[in-house]
Amino acid sequence: MYSKNTQCVHSKQQFDGVNTPVYTSTAYRYIGSNEILYPRNYNTVNQKVIVDKLCTLEQGEEGFIFSSGTAAITTALLTFLKSGDHIILSKEIYGGTVKLVEEEFPKFNIAFDFISNHDMVDLEAKIQDNTKVVYTETPSNPLLSIVDLQAVAAVAKKHQLVSIVDNTFASPIIQNPIALGFDVVIHSGTKYLGGHHDLCFGALITSKELREKIYPSAVNYGGSLNPLDCYLIERSLKTLAIRVEKQSANAMKVAVALQGNPLIAKVYYPGLTDHPNHQVAAKQMKGGFGGMLSFELKEPEQTVSFLNRLSLIIPALSLGGVETTICQPSTSSHAGLSPKEREEQGITDSLLRLSVGIEDINDIIGDLNQALTV
Ligand SMILES: *Cc1c(COP(=O)(O)O)cnc(C)c1O
């Protein structure tokens, strides 16, 4: 098997050109063909070529590409859950996923429990006769806590639950949950897979067997992606490994620099040896600990002026791009949660989430330092 850098660059599919031609057609001749090609059937050439590459990178067998990460999540959850069922999710997951569950699932009579991210005892205690799915995310957003994927997968297998993990923060370069026993891996491709803050898409990677179950729901819910975006994704994926390696290496250096800065109260990064789950992170993440980290200023009232003093780092939502971006979760990604929910999760108003880019490390740290010392 080739290494990740090589897998990113080369496709399984063979064409005369090095790149896949863009097939914009939505209609295809069907006589004599054993498959109806159609974008919403998830089987056009430009869709398949990126799914193949993501399957290789995630060590899965089959998958889908969707028009958003949320479409991937919705399709996966509504494949395996019906009225009367129950799902267990970890607490620290993407705010949009929390909203999907809390706002939409009651309409379908689907019950849910959110549990602490690393409490396996709690996970077993929460399993009921009608529990069908366990859903988690690691590293978590925005506090970078780590879920032991092998442990969760083992509990899910024991109770015959479908295990689903949102692998967006780690990317397939750093973490491969299927190899650790997970059934379904989801990505918001809008983040690292796209990597340039100019594409919105989602991916789902799984086994052949589960793909057959997901396929009818994927067609029915209709979250498929257009060929022009597929072409840009094919281009983005070629540099995925090299980008993530650089982002991870930069993030580690930023984490160490911030930790040593007297104006910083706390740094959350799984690569730091004093991170509470560093050992688990080191066991399941390879070649780095990802490009995401969070930190708190010692003086909370300085948070907004600190953001305003940054000159290179861009205060922006979203993450995973080549540019270093920063956001204050309490007023942005997690503004939808109530102050009480945020407090329960440990998301203070002074918490800042940094998505480290591929710029020169001295320029990133230099910008943080000048904004911190004023
Ligand atoms: C952004 C994000 C999502 C949602 O993806 P969209 O592409 O915006 O629909 C899901 N999970 C995580 C971890 C994310 O960061």
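First listed ligand is number 1; within each ligand, the first listed atom is number 1. Just the heavy atoms: all of them, side chains too, but no hydrogens, waters or symmetry mates, feed the values below.
The aromatic rings of F64 and Y215 lie parallel to each other, with less than 30° between the two planes, well short of the 60° mark.
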(request) Evaluate the side-chain hydrogen bond (donor to acceptor under 3.5 Å, both in side chains) criterion for residues S3 and N5: first the C-alpha distance (whole Å), next the side-chain angles of each, then the deciding distance (0.1 Å), finally the verdict. (result) CA-CA 6 Å; S3 76; N5 263 303; 5.5 Å; no
Discussion item. Evaluate N141 against R353 for side-chain hydrogen bond (donor to acceptor under 3.5 Å, both in side chains), listing each step before the verdict.
Written reply: CA-CA 9 Å; N141 178 18; R353 187 191 74 185; 3.0 Å; yes
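Aromatic rings from H187 and Y192 are positioned such that their centres are separated by 6.0 Å or more.
Using a 4.0 Å cut-off between charged nitrogen and carboxylate oxygen, E212 and K208 do not count as a salt-bridge pair.
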Where does ligand 1 get N/O contacts under 3.5 Å from the protein, atom by atom?
from, atom 1, to, atom 2, distance (Å)
ligand 1, 5 (O), S188, OG, 2.9
ligand 1, 7 (O), G69, N, 2.9
ligand 1, 7 (O), S188, OG, 2.9
ligand 1, 7 (O), T190, OG1, 2.7
ligand 1, 9 (O), G69, N, 3.2
ligand 1, 9 (O), T70, N, 2.8
ligand 1, 9 (O), T70, OG1, 2.7
ligand 1, 11 (N), D166, OD2, 2.6
ligand 1, 15 (O), K191, NZ, 2.7

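In the model, S224 has no side-chain atom that pairs as donor or acceptor with a side-chain atom of Q47 under 3.5 Å.
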